[in-house]
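As the structure is a prediction and not an experimental result, all values here were calculated from the model.
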Amino acid sequence: GLFAQAKWDITDQWQISGGLRYDNFDFSVNDYELAFPFGESRGRNGGGGNADDISFNAGVIYQPVPEIGLFANFSQGFSIPNLGSVFSGAEDTYSVDDDLILEPQEVDNFELGVRAELGQVQASLAGFYSESDLGSNIFFNPETGFSEVVRAPQRNYGLEAAVDWQPSDTWQLGGYFSWNEGESDADDDGDFQALGSLNVPPYKLGLYVENATTPQWKNRLQLLMVGDRDRAFDDDVDPFEVDGYVTLDLLSSLQVGKGQLTLGVENLLNNDYLPLTSQERIGGFEERRFKAPGTILSLRYSVSF
């Protein structure tokens with residue numbers, strides 16, 4: 001690939017940017033056999049392909065005052081689907097040379113937001129929307145027990161927010177929130193249904209507090225909350241509902257010599273939960289519903305040079 005990008009500070013308040021990118025993808029695969037076969041035969045035919053295109057991006061930033069910036073961006077993406085997922089889920093009649101599932105994906109992305117730096121407080125809020133005439137999403141097939149790639153018109157949208165505050169020289173605290181949704185039209189009939197939870201994870205809320213106990217010793221406590229999601233289940237897209245969970249981690253870092261010694265305690269409260277990748281495994285595949293690890297203690301020493 002090749003790309004070019006330019007930025008222009010029109011005034012102290014206005015800035016614009018733009019660019020273009022050229023991508024070229026080539027792939028080839030020999031005849032192969034499925035490691036975990038389903039259907040009547042294990043063998044699959046190989047083949048190859050090529051895809052190339054030019055994508056564009058443009059953005060504008062406006063600062064009504066030096067501490068606040070409003071921004072809007074447009075960008076395009078160009079890619080080919082995940083080849084590993086495509087080949088491992090290939091049907092008996094699959095053909096690399098003319099199958100729709102390997103068509104390149106073009107995505108248009110739109111973003112609006114605001115950033116602020118108000119002394120000891122930094123904050124940001126952004127909303128996004130993306131669409132593709134031929135999206136690429138992962139679908140769990142309960143009949144085979146494997147994830148497969150589905151190509152269909154697709155749209156995604158969501159919000160992201162973050163706040164950081166330094167009330168003193170020794171304390172920092174803040175958090176972030178992310179929410180996104182997505183829909184696809186698998187039958188291409190104009191009726192969009194929710195994307196599966198392997199493509200659209202539930203909302204996430206993160207909180208942290210950090211203290212510089214001494215100039216050489218820092219302690220950080222961080223919480224992660226992953227929410228529930230049942231929209232894909234209600235639309236009969238997913239055969240499972242997503243149950244949320246909460247984890248709490250502790251990180252303690254001490255400057256020792258020329259390096260840093262870090263003590264980590266993950267899942268401090270020893271919560272019992274299933275990560276999202278395990279929650280999808282139901283029915284005859286429940287033996288693969290592995291729980292997340294309990295409390296994990298780690299000790300690391302690192303040197304930067």
- Item | Gap separating the CD atom of Gln260 from the CD atom of Gln255, nearest 0.5 angstrom | 5.5 Å
- Hydrophobic cluster identity match, Trp14 and Ile61, side-chain contacts under 4.5 Å: no
- Please report the C-alpha distance between Arg155 and Tyr129 in whole Å, then the side-chain angles of each, then the deciding distance to 0.1 Å, and finally whether the side chain to side chain contact (heavy atoms under 4.5 Å, CB included) criterion is met. CA-CA 7 Å; Arg155 58 196 184 198; Tyr129 176 82; 3.8 Å; yes
- Side chain Ser132, main chain Glu106, donor-acceptor under 3.5 Å: yes
- What do the steps show when you test Tyr245 against Asn271 for side chain to side chain contact (heavy atoms under 4.5 Å, CB included), and what is the final call? CA-CA 8 Å; Tyr245 53 88; Asn271 285 352; over 6 Å; no
- Query: Between Asn270 (side chain) and Thr295 (backbone), is there a donor-acceptor pair under 3.5 Å?
  - Reply: yes
- Any side-chain heavy atom of Phe192 within less than 4.5 Å of one from Pro153? yes
- Would you confirm whether Asp235, through its side chain, and Val237, through its main-chain N or O, come within 3.5 Å as a donor-acceptor pair? no
- Message: Is it the case that the side chain of Asp31 and the backbone of Gly46 share a donor-acceptor pair, with hydrogens and angles ignored and the cut-off at 3.5 Å?
- Response: yes
- Item | Student check: side-chain heavy atoms of Asn180 and Val200 closer than 4.5 Å | yes
- Message: Check Arg229 with Glu181, please: is the shortest side-chain N to carboxylate O separation under 4.0 Å?
- Response: yes
- Message: Within this structure, what is the CG-CD1 distance for the pair Asp52 and Ile80, rounded to the nearest 0.5 Å?
- Response: 12.0 Å
- Note on the structure: Minimal heavy-atom distance between Ile296 and Pro293, with the atoms involved, is CD1-CB, 3.6 Å
- Answer with yes or no whether the hydrophobic clustering places Val163 together with Val209; edges join I, L, V, M, F, W, Y residues whose side-chain heavy atoms lie under 4.5 Å apart. yes
- Query: Closest approach of Ser197 and Leu276, non-hydrogen atoms and distance?
  - Reply: O-CD2, 3.1 Å
- Message: Does the plane of the ring in Phe110 sit parallel, tilted or perpendicular to the ring in Phe74? Use 30° and 60° as the thresholds.
- Response: tilted
- Message: Please check: side-chain N/O of Asp185 versus main-chain N/O of Ala152, any donor-acceptor pairing under 3.5 Å?
- Response: no
- Item | Phe128/Asn109 under side chain to side chain contact (heavy atoms under 4.5 Å, CB included): CA gap, chis, key distance, verdict | CA-CA 7 Å; Phe128 68 89; Asn109 305 290; over 6 Å; no
- Message: Can you confirm whether Gln222 sits close enough to Glu210 that some side-chain heavy atom of one is under 4.5 Å from a side-chain heavy atom of the other?
- Response: no
- What pair of heavy atoms forms the shortest contact from Pro104 to Leu134, and how long is it? O-CD2, 4.2 Å
- Would Leu274 end up clustered with Leu224 when hydrophobic side chains under 4.5 Å apart are linked, directly or stepwise? no
- Task: Return yes if some donor-acceptor pair links the side-chain N/O of Arg151 with the main-chain N/O of Gly135 below 3.5 Å, else return no.
- Result: yes
- Distance-only, no hydrogens or angles: does the Asn57 side chain make a donor-acceptor pair with backbone N or O of Gly18 under 3.5 Å? no
- Task: Check the pair Glu183 / Arg231 against side chain to side chain contact (heavy atoms under 4.5 Å, CB included), numbers first and verdict last.
- Result: CA-CA 10 Å; Glu183 303 159 340; Arg231 187 183 173 199; 2.5 Å; yes
- Item | Any Leu195 side-chain heavy atom under 4.5 Å of Asn156 side chain | yes
- Query: Hey, quick one: are Leu205 and Leu268 part of the same hydrophobic cluster, counting side-chain heavy atoms closer than 4.5 Å, chains of contacts allowed?
  - Reply: yes
- Message: Whether the side chain of Asp9 engages the backbone of Gln15 through a donor-acceptor N/O pair (distance < 3.5 Å, no angle test) should be reported.
- Response: no
- Query: Heavy atoms, side chains only, cut-off 4.5 Å: are Leu263 and Leu297 in contact?
  - Reply: yes
- Message: Is it the case that over 12 heavy atoms from other parts of the model lie below 6.0 angstrom from the CG atom of Asp12?
- Response: no
- Query: Can you name the closest pair of heavy atoms from Asp23 and Ser55 and give their distance?
  - Reply: OD2-OG, 4.3 Å
- Query: Distance under 6.0 Å and angle within 45° of the ring axis: does Arg220 meet both against Tyr208?
  - Reply: yes
- Item | Side-chain heavy-atom pair Leu221, Leu250 within 4.5 angstrom cut-off | yes
- Any donor and acceptor pair, going by atom type alone, linking the side chain of Gln279 with main-chain N or O of Asp243 inside 3.5 Å? yes
- Item | Asn30 atom CG, neighbour heavy-atom count above 12 within 6.0 Å | no
- Query: Is the shortest heavy-atom distance from the side chain of Val114 to the side chain of Tyr62 under 4.5 Å?
  - Reply: no
- Examine Leu299 and Leu251 and state if one hydrophobic cluster contains both, with Ile, Leu, Val, Met, Phe, Trp and Tyr joined whenever side-chain heavy atoms are less than 4.5 Å apart. no
- Is there side-chain contact between Ser252 and Trp217, with at least one heavy-atom pair below 4.5 Å? yes
- Query: Considering the options Glu67, Glu117, Gln166, which one meets the side chain to side chain donor-acceptor pair (under 3.5 Å) requirement together with Gln122?
  - Reply: Gln166
- Item | Under 3.5 Å: donor-acceptor pair, side chain of Asn211, backbone of Thr213 | yes
